[in-house]
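Note sheet for the following structure.
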Amino acid sequence: MIFSHDVVIVGAGGSGLMAALYAKEGGADVAVISKLHPLRSHTGAAQGGIGAALGNEEEDHWLWHAFDTVKGSDYLGDQDAIEIMCQDAPRTIIELEHYGVPFSRNKEGKIAQRRFGGHTRNFGEAPVRRTCHAADRTGHAILHTLYDQCVKNQVRFYDEFQALDLIMTPDGVCCGVVAYELLTGEIHIFHAKMVCLATGGYGRVYKTTSNAHASTGDGMAIVLRSGLPLEDMEFVQFHPTGLYRLGILVTEGARGEGGILLNDKGERFMERYAPTVKDLAPRDLVSRAIYREIREGRGINGKDYVYLDLRHVGREVIETKLPEIATFSRTYLGIDPVKEPIPVAPTCHYAMGGIPTNYDGQVERAGRGSIVPGLYAVGECACVSVHGANRLGSNSLVDLVVFGRRAGIHMAETLRKEGRRKEPLPENPDRRVREMLEDILSRTQGEPVAVVRADLQQTMMDNVSVFRTEETLNTALEDLKKIRERAKRVVIRDKSKRFNTELMDAVELGFLVDLAEVIARSALNRTESRGAHSREDYPKRDDENWLKHTLIYREGEGAYRFDYKPVTITRFQPQERKY
């Protein structure tokens with residue numbers, strides 16, 4: 001079936017809903033397609049808060065926020081985009097409040113703010129309370145509110161439709177997407193004037209991750225397969241505090257409320273690594289510190305975890321400001337954080353890289369200004385780039401709402417200027433998808449998806465995680481070469497049409513293999529350490545050769561090429577990161 005809309009948004013998390021809401025308010029006919037019900041989108045898992053220099057708890061300024069974001073990015077963030085985000089953040093928070101987001105309040109009745117890693121006052125002087133929050137369920141509150149607003153404004157939702165391909169005209173204009181309907185097993189074409197990808201991250205590339213099972217990087221892989229580049233894919237954020245063995249997130253807000261990290265000797269070890277901000281250092285620094293403590297034999301009882309200690313914070317703070325963390329600890333580990341420290345270890349959390357865009361969400365095919373007509377990307381799948389080599393905690397939610405809004409407004413304005421006429425669909429736009437699904441369904445001999453996926457996740461965890469070397473990266477690439485061949489032969493037992501999630505698992509495995517290869521190749525290519533990319537064989541940051549963004553293109557199966565584009569520097573010249 002062919003569905004026709006002005007704007008089709010793929011993904012119903014915070015950025016997709018924000019783009020949908022603003023495009024709809026601007027007069028567009030908007031459809032949102034999502035492989036999940038919108039309220040199961042991964043934005044709902046964001047816990048700690050959303051950063052904005054409101055100054056409700058103490059003096060703060062957007063320029064301090066911008067400096068912290070640039071410094072946190074290890075000077076790889078584009079400063080023009082960062083300034084836009086940090087200036088617009090306070091207005092956005094007030095707007096979300098007016099939409100109905102139930103933010104926590106301070107004693108004066110203003111939106112409450114807490115400390116978060118890497119956020120400081122007066123250009124690094126000391127930690128600052130900048131992160132607005134709704135207890136420790138901030139993403140959940142924002143997601144539900146935006147969904148309510150979209151329903152109220154009659155945005156059309158296609159739930160449990162999985163996008164599998166972009167529809168591009170011969171001259172490079174995006175005019176729709178091909179999607180698979182889980183209920184019926186039918187393949188549908190969505191014909192649109194504009195397509196906006198908001199498909200989230202790829203955390204399931206790794207064995208230990210805070211990401212949901214649905215975070216398989218679909219949008220990024222589809223773009224890569226369409227001949228367009230991905231940007232800065234070597235930069236993968238590991239959150240320092242995931243529940244040990246499970247990877248379930250323990251928000252940075254726990255440290256913002258006073259939690260401290262302890263090693264086996266009971267030492268507050270972050271005092272060694274970041275003497276000024278200690279446990280509230282940026283995530284890349286804290287993750288590396290935890291791994292070093294473990295490597296040097298100071299993990300708890302010699303094991304590969306440390307403690308997050310909240311006991312001194314008190315029951316009232318834990319139960320009122322961190323209720324979800326308390327529930328997770330009790331449910332999954334049988335540990336009451338009021339009485340016992342929580343075992344934690346780094347967990348794959350966020351993609352700094354993604355689909356290259358400008359700050360209105362328009363996808364770029366090469367350098368700045370090389371727009372792909374009709375194609376937008378927002379949220380974690382996009383790379384604006386405001387996060388550079390390392391994202392500061394609480395900057396993901398503000399990225400979603402600021403740039404989701406800008407994309408929605410830009411799409412509506414473009415419609416008003418250019419009219420609603422769509423590019424004609426090319427012949428057989430769903431051919432590639434039909435062939436791919438028929439190939440998977442026709443196989444009778446091979447391995448199950450889960451076995452191949454587990455091996456992929458293990459090699460990425462072992463060889464392409466917090467610390468990397470040429471040797472480990474080459475090991476990963478050799479493993480991935482074999483895994484790619486195995487993935488081509490996976491067999492599914494379910495051959496039915498209705499709710500064939502096993503078929504989608506096989507498709508998603510292909511996406512994960514593509515992205516794993518791109519991450520490993522990009523990491524091997526960048527011969528320096530910067531932010532979350534830590535090369536032990538190249539331990540220093542190299543601004544002379546590597547103060548630039550990486551673009552990687554796929555030129556056939558297993559064949560890739562690199563290109564680069566400059567980092568935009570406006571106010572803050574690169575300097576050594578010290579905390």
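In this text, all values refer to a predicted model and were calculated from it rather than measured experimentally.
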*List the steps, then state whether side-chain contact (heavy atoms from CB on, under 4.5 Å) holds for F499 with M504.*
CA-CA 9 Å; F499 280 105; M504 289 301 101; over 6 Å; no
Would a distance-only check, ignoring hydrogens and angles, find a side-chain to backbone donor-acceptor pair under 3.5 Å from [X] to [Y]?
X    : Y    : result
Q113 : A52  : yes
Q47  : T251 : yes
S104 : A112 : no
R130 : D60  : no
D78  : V567 : no
K35  : A214 : yes

_Criterion salt bridge (charged side-chain N to carboxylate O under 4.0 Å, His left out) against D165, the qualifying member of R432, R431, R225_ =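 Looking at R432, R431, R225, the match for D165 under the salt bridge (charged side-chain N to carboxylate O under 4.0 Å, His left out) is R432.
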Distance-minimising heavy-atom pair for [X] and [Y]:
X    : Y    : value
T131 : S394 : OG1-OG, 3.1 Å
F572 : A66  : CE1-C, 4.2 Å
A516 : L456 : CB-CD1, 3.6 Å
C383 : S385 : SG-CB, 3.5 Å
R114 : G48  : NH1-O, 2.9 Å
N390 : P282 : ND2-CB, 3.7 Å

Take atom [atom1] in [X]; do more than 12 heavy atoms of anything else shown fall under 6.0 Å from it?
X    : atom1 : value
E555 : CD    : yes
K152 : NZ    : no
Y359 : OH    : no

*For L437 and I187, what are the C-alpha separation, side-chain angles and deciding distance, and is it a side-chain contact (heavy atoms from CB on, under 4.5 Å)?*
CA-CA 10 Å; L437 298 184; I187 295 166; 3.8 Å; yes
_Cationic N near anionic O, under 4.0 Å, E502 to K495_ =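 Salt bridge between E502 and K495, a charged N being under 4.0 Å from a carboxylate O: no.
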Result block: side-chain N/O donor-acceptor pairs under 3.5 angstrom for residues 188-202, not counting sequence neighbours:
from	atom 1	to	atom 2	distance (Å)
H188	NE2	E181	OE1	2.7
H191	NE2	E423	O	2.7
K193	NZ	E418	OE1	3.2
K193	NZ	R421	O	3.4
T199	OG1	G219	N	3.1

*Criterion side-chain hydrogen bond (donor to acceptor under 3.5 Å, both in side chains) on S73 and H387, from CA distance to verdict*: CA-CA 5 Å; S73 79; H387 307 306; over 6 Å; no
*Any chance you could lay out the side-chain hydrogen bond (donor to acceptor under 3.5 Å, both in side chains) test for S4 and K422, step after step, and finish with the verdict?*
CA-CA 9 Å; S4 182; K422 303 177 186 71; 3.0 Å; yes
*Going through the distances and angles, do H549 and D232 end up as a side-chain hydrogen bond (donor to acceptor under 3.5 Å, both in side chains)?*
CA-CA 6 Å; H549 297 294; D232 291 344; 2.7 Å; yes
Using the ring centroid of each side chain, check whether [X] and [Y] are separated by less than 6.0 Å.
X    : Y    : value
H410 : Y376 : yes
F157 : H37  : no
H119 : F67  : no
F238 : Y350 : no

_side-chain hydrogen bond (donor to acceptor under 3.5 Å, both in side chains) for T69 and N395? Distances and angles first, verdict last._
CA-CA 8 Å; T69 301; N395 269 357; 3.1 Å; yes
*Determine, step by step, whether D218 and Q162 satisfy the side-chain contact (heavy atoms from CB on, under 4.5 Å) criterion, reporting the C-alpha distance in whole Å, the side-chain angles of both residues, the deciding distance to 0.1 Å, and the verdict.*
CA-CA 9 Å; D218 304 6; Q162 185 152 352; 3.2 Å; yes
*Start with the C-alpha gap between H65 and W62, add the side-chain angles, then the distance that decides, and say whether ring-ring contact (aromatic ring centres under 6.0 Å, His included) holds.*
CA-CA 5 Å; H65 186 187; W62 75 262; 9.3 Å; no
*Yes or no on side-chain contact (heavy atoms from CB on, under 4.5 Å) for N525 and R521, after CA distance, side-chain angles and deciding distance?*
CA-CA 6 Å; N525 181 63; R521 285 181 183 277; over 6 Å; no
